[in-house]
Amino acid sequence: AQSVTQPDIHITVSEGASLELRCNYSYGATPYLFWYVQSPGQGLQLLLKYFSGDTLVQGIKGFEAEFKRSQSSFNLRKPSVHWSDAAEYFCAVGGSRLTGGGNKLTFGTGTQLKVEL
Amino acid sequence: SQTIHQWPATLVQPVGSPLSLECTVEGTSNPNLYWYRQAAGRGLQLLFYSVGIGQISSEVPQNLSASRPQDRQFILSSKKLLLSDSGFYLCAWGGWNTEAFFGQGTRLTVV
């Protein structure tokens, strides 16, 4: 069965500092990978996705993520965090090119990001 | 463009009462539809998904059921709510091999 691990439940960074949120997955093939962000009481917004091709993907709001097959990881990064980035971040794995189903997702438990001014 | 509507935004229901949450999608046809639940301190758990009218797959045994009476309508129901049904319910849709697009969610509190 597929699974996603986000080892950091809470992370606090200062505004302007760099950010890396960790995500590791377990899946039988190279999966589709996603990062979503959720503000309190809101739905989920897609930050970026990896389906195939370049393993470094760019997303919205200045975020990027790198797919590393050898480490089964898909870590999210941002070079300079803004106070408005405070939210909860979810890594998710979906289907694959072999199986399709890119939007039937398994989520990690999320990382709550706090930004100190 | 495609939009997804989910209502109500918040709901407080007594234990043992029925539940009906509705989700509709506009601007697309034959979408995959999903219900997720987010309980306090936990990630998102997939409850049901549907690839077509009348086709429902349940991911976890529970007190809830889902129906898809129309192509772009997905309903989450319960005959008798339990305290453990409290949570944040999210509807989502996706096309073939696309990402999932989420509604704004319903906060359900069972008292």
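Residue numbers begin at 1 in each chain, while the letters A, B, ... track the order of the sequences.
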Which residues pass the side chain to side chain donor-acceptor pair (under 3.5 Å) test with A:Ser72, sequence neighbours left out?
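If we apply the side chain to side chain donor-acceptor pair (under 3.5 Å) test to A:Ser72, skipping adjacent residues, there are no hits.
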
Partners passing ring pair (Phe, Tyr, Trp, His ring centres under 6.0 Å) against B:Phe101 (at least two apart in sequence or in another chain)
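Ring pair (Phe, Tyr, Trp, His ring centres under 6.0 Å) list for B:Phe101, sorted by chain: B:Trp93.
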
Within residues 35-50 of chain A, which positions have a heavy-atom distance to chain B below 4.5 Å?
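Heavy-atom contacts from residues 35-50 of chain A to chain B are A:Tyr36, A:Gln38, A:Gly41, A:Gln42, A:Gly43, A:Leu44, A:Leu46, A:Lys49.
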
Under 3.5 Å, is there a donor-acceptor pair between the side chain of A:Thr109 and the main chain of B:Gly43?
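It does not hold such a pair.
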
Are [X] and [Y] within salt-bridge range, i.e. N to O under 4.0 Å?
X: A:Lys78; Y: A:Glu64; answer: no
X: B:Arg37; Y: B:Glu59; answer: no
X: A:Arg22; Y: A:Asp8; answer: yes

So that I know where these two stand, are B:Phe74 and B:Tyr34 an aromatic pair - ring centroids less than 6.0 Å apart?
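Ring centroids of B:Phe74 and B:Tyr34 are no less than 6.0 Å from each other.
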
Under 4.5 Å from any heavy atom of chain A, what part of B:Leu46 do you find: side chain, backbone, both or neither?
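The side chain, not the backbone.
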
Could you list which of residues 103-111 of chain B have a heavy atom closer than 4.5 Å to any heavy atom of chain A, in residue-number order?
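So far as heavy atoms go, B:Gly103, B:Gln104 are the residues that approach chain A to under 4.5 Å.
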
Report, as yes or no, whether the 6.0 Å neighbourhood of atom CH2 on A:Trp83 holds more than 12 heavy atoms from other residues, nucleotides or ligands.
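No, CH2 of A:Trp83 has 12 or fewer neighbouring heavy atoms, counting only those of other groups under 6.0 Å.
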
CG-OG distance between B:Leu47 and B:Ser57, expressed to the nearest 0.5 angstrom:
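B:Leu47 atom CG to B:Ser57 atom OG measures 13.0 Å (nearest 0.5 Å).
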
Which of these, A:Phe51, A:Phe67, A:Tyr89, A:Phe74, sits in a ring pair (Phe, Tyr, Trp, His ring centres under 6.0 Å) with A:Phe34?
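With A:Phe34 as partner, A:Phe51, A:Phe67, A:Tyr89, A:Phe74 yield a single ring pair (Phe, Tyr, Trp, His ring centres under 6.0 Å), made by A:Phe51.
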
